[in-house]
Amino acid sequence: MQESVNSIFFIAFAAITSYFLAYIILPRLLHKGKTVQTVVIMVLGLYVINVFSRISVVYLLEPLIRTRPFEQESIWEIVTDIDYLFMVYFVHAFSYAFIFVFIKLLKDQYVINKRALNLEKQKADIELMALKSQLNPHFLFNTLNNIYSLSIMQSPQTSPAIARLSEILDTLLYRSSNLFVPISQEIQLLNNYIELEKLRYDDRLEISLDIQVERDVHIAPLILLSLVENSFKHGAGEDAGSPKIHIQLLLQNHLLSFVVSNTFQSKVDQQIGIGLDNISKQLNLLYPETHTFETVVAQQTFTAKLNLVLNNNT
């Protein structure tokens, strides 16, 4: 019985000390510029807790567990007996409080790290959505211009073009919302887009498409399409002669290589605009250390080269 009561008193004041250090002193110590003031508050606070603890033991606990008569210290003796307060009450309570504070520090650091990771992920998601919102209207604007041109000429190919655009929109609106999509979906999207552009240029455009994919991996949506769309916009779209576009997609083991080349007549600076800048930003977010992306200009040919190292999860 006596040991149980002693334990209850000791745990109670150890908890008070722990709370005081963890929730009052520690936050102030972590706040720069208040160190001296905080140390003063800590010393005074611990002194008050220890005095109150000793008074409770002498005037509440001892009458319950000791047989009268016995001598009791006066309040003044308790208040002025600094050595005893420190050696007995402070050392014992602080030892348990130190463990509690240490655990709280670990927990707070874990919460901070987790919050930072969540914020970073949210930031990346927001940036990716913003990039996609810029890519999609950019592509749709150019595609609708193509169909408009066909309709002006009253071409019989207008209906097939609308059908292909409908399939492209279905992919963009309903199948490209995930962070990663099957590469087979992106290949089908490329084929639809290229066939749509062929209707506009007829035989004037020389285009080759070489696809060698050994398995259906997952990649970020719309990146491949955006590179192809850029080659049409700044290559064939601005070349009144016989534009040429070459597209090569290779996937071997975990390495994906995508190369798009187009001839051009205008200034090459026009090709390095918002579209390629958005692609570069999206690659930096999704494949920060597993991609290379470069553009090369040689002999009136603009080439974009993308290499991706895909892991088992993509």
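Just so it is clear, the values below take in all heavy atoms, side chains as well, and ignore hydrogens, waters and symmetry mates. Small disclaimer: the values here were computed from a predicted structure and weren't measured.
- Within the 4.5 Å cutoff, the side chain of L190 has no heavy atoms near those of the N192 side chain.
- Separation of atoms CD1 (I219) and CD (Q185) is listed at 9.5 Å; rounding is to 0.5 Å.
- Both Y193 and I162 are members of a single hydrophobic cluster when ILVMFWY side chains are connected at heavy-atom separations under 4.5 Å.
- I41 CD1 to L46 CG: the interatomic distance, rounded to the nearest 0.5 Å, is 11.5 Å.
- In this structure T303 satisfies the side chain to side chain donor-acceptor pair (under 3.5 Å) test together with S261, sequence neighbours excluded.
- In this structure the side chain of F180 reaches within 4.5 angstrom of the side chain of L286, judged on heavy atoms.
- Under the side-chain contact (heavy atoms from CB on, under 4.5 Å) criterion, T292 pairs with N307, not counting sequence neighbours.
- Other residues sharing the hydrophobic cluster of I152, ordered by chain and number and joined by side-chain separations under 4.5 Å: Y148.
- The side chain to side chain donor-acceptor pair (under 3.5 Å) check on T158 picks up nothing, with sequence neighbours excluded.
- Looking only at distances, a side-chain donor or acceptor of N284 sits under 3.5 Å from a matching main-chain atom of S280.
- Once rounded to the nearest 0.5 Å, the distance linking CD of E167 with CG of N191 reads 10.0 Å.
- When side chains are defined from C-beta on, F293 counts as touching L227, because their heavy atoms get closer than 4.5 Å.
- Here V40 is tied into one hydrophobic group with L44, each link being a pair of ILVMFWY side chains closer than 4.5 Å.
- Applying the side-chain contact (heavy atoms from CB on, under 4.5 Å) rule to I247 yields the partners I194, I207, L209, V228, I245, F258, V260; only residues at least two apart in sequence or on another chain are considered.
- Under the 3.5 Å distance criterion, the side-chain polar atoms of S149 are matched with a main-chain donor or acceptor of N145.
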Legend entry - From CA spacing to verdict: side-chain contact (heavy atoms from CB on, under 4.5 Å), L144, L165: CA-CA 9 Å; L144 289 173; L165 178 59; 3.8 Å; yes
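- Partners of S184 according to the side-chain contact (heavy atoms from CB on, under 4.5 Å) rule, which considers only residues two or more places apart in sequence or in another chain, are P182, D216.
- From E229, atom CD reaches atom CG of L222 across 11.0 Å, with rounding to the nearest 0.5 Å.
- Taking D170 as the reference, R175 meet the salt bridge (Lys or Arg N to Asp or Glu O under 4.0 Å) condition, with sequence neighbours excluded.
- Note on F264 and L205: same hydrophobic cluster, where clusters join Ile, Leu, Val, Met, Phe, Trp and Tyr whose side-chain heavy atoms are under 4.5 Å apart, directly or indirectly.
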Inset, instruction - Give the C-alpha distance, both sets of side-chain angles, the deciding distance and a yes or no for side-chain contact (heavy atoms from CB on, under 4.5 Å) between T301 and N262. - result: CA-CA 6 Å; T301 301; N262 65 268; over 6 Å; no
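- In this structure, H291 has no side chain to side chain donor-acceptor pair (under 3.5 Å) partners at least two apart in sequence or on a different chain.
- Summarising the local packing, CD of Q154 is surrounded by 12 or fewer heavy atoms from other residues, nucleotides or ligands at distances under 6.0 Å.
- A heavy-atom distance below 4.5 Å is not found between the side chains of N253 and L255.
- Follow the hydrophobic side-chain contacts under 4.5 Å out from L250 and you never reach L224; the two are in separate clusters.
- For the atom pair CD (E186) and CD1 (I223), the distance works out to 8.5 Å, reported to the nearest 0.5 Å.
- Taking 4.5 Å as the limit, some side-chain heavy atom of L283 sits within range of a side-chain heavy atom of L308.
- Applying the ring-ring contact (aromatic ring centres under 6.0 Å, His included) criterion to Y47, with sequence neighbours excluded, gives no partner residue.
- Remark: V213 engages I183, I187, I211, L249, L251 in a side-chain contact (heavy atoms from CB on, under 4.5 Å) (not counting sequence neighbours).
- Side-chain contact between E206 and H246 is absent, with no heavy atoms from C-beta onward closer than 4.5 Å.
- Hydrophobic clustering, with ILVMFWY side chains joined whenever heavy atoms are under 4.5 angstrom apart, groups L276 together with Y287.
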Inset, instruction - Please lay out, stage by stage, how T263 and Q300 fare under the test side-chain contact (heavy atoms from CB on, under 4.5 Å). - result: CA-CA 6 Å; T263 57; Q300 291 298 105; 5.7 Å; no
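- Following chains of ILVMFWY side-chain contacts shorter than 4.5 Å, one can reach L179 starting from I279, so the two form part of one hydrophobic cluster.
- Residues forming a salt bridge (Lys or Arg N to Asp or Glu O under 4.0 Å) with E195 (at least two apart in sequence, or on another chain): K198.
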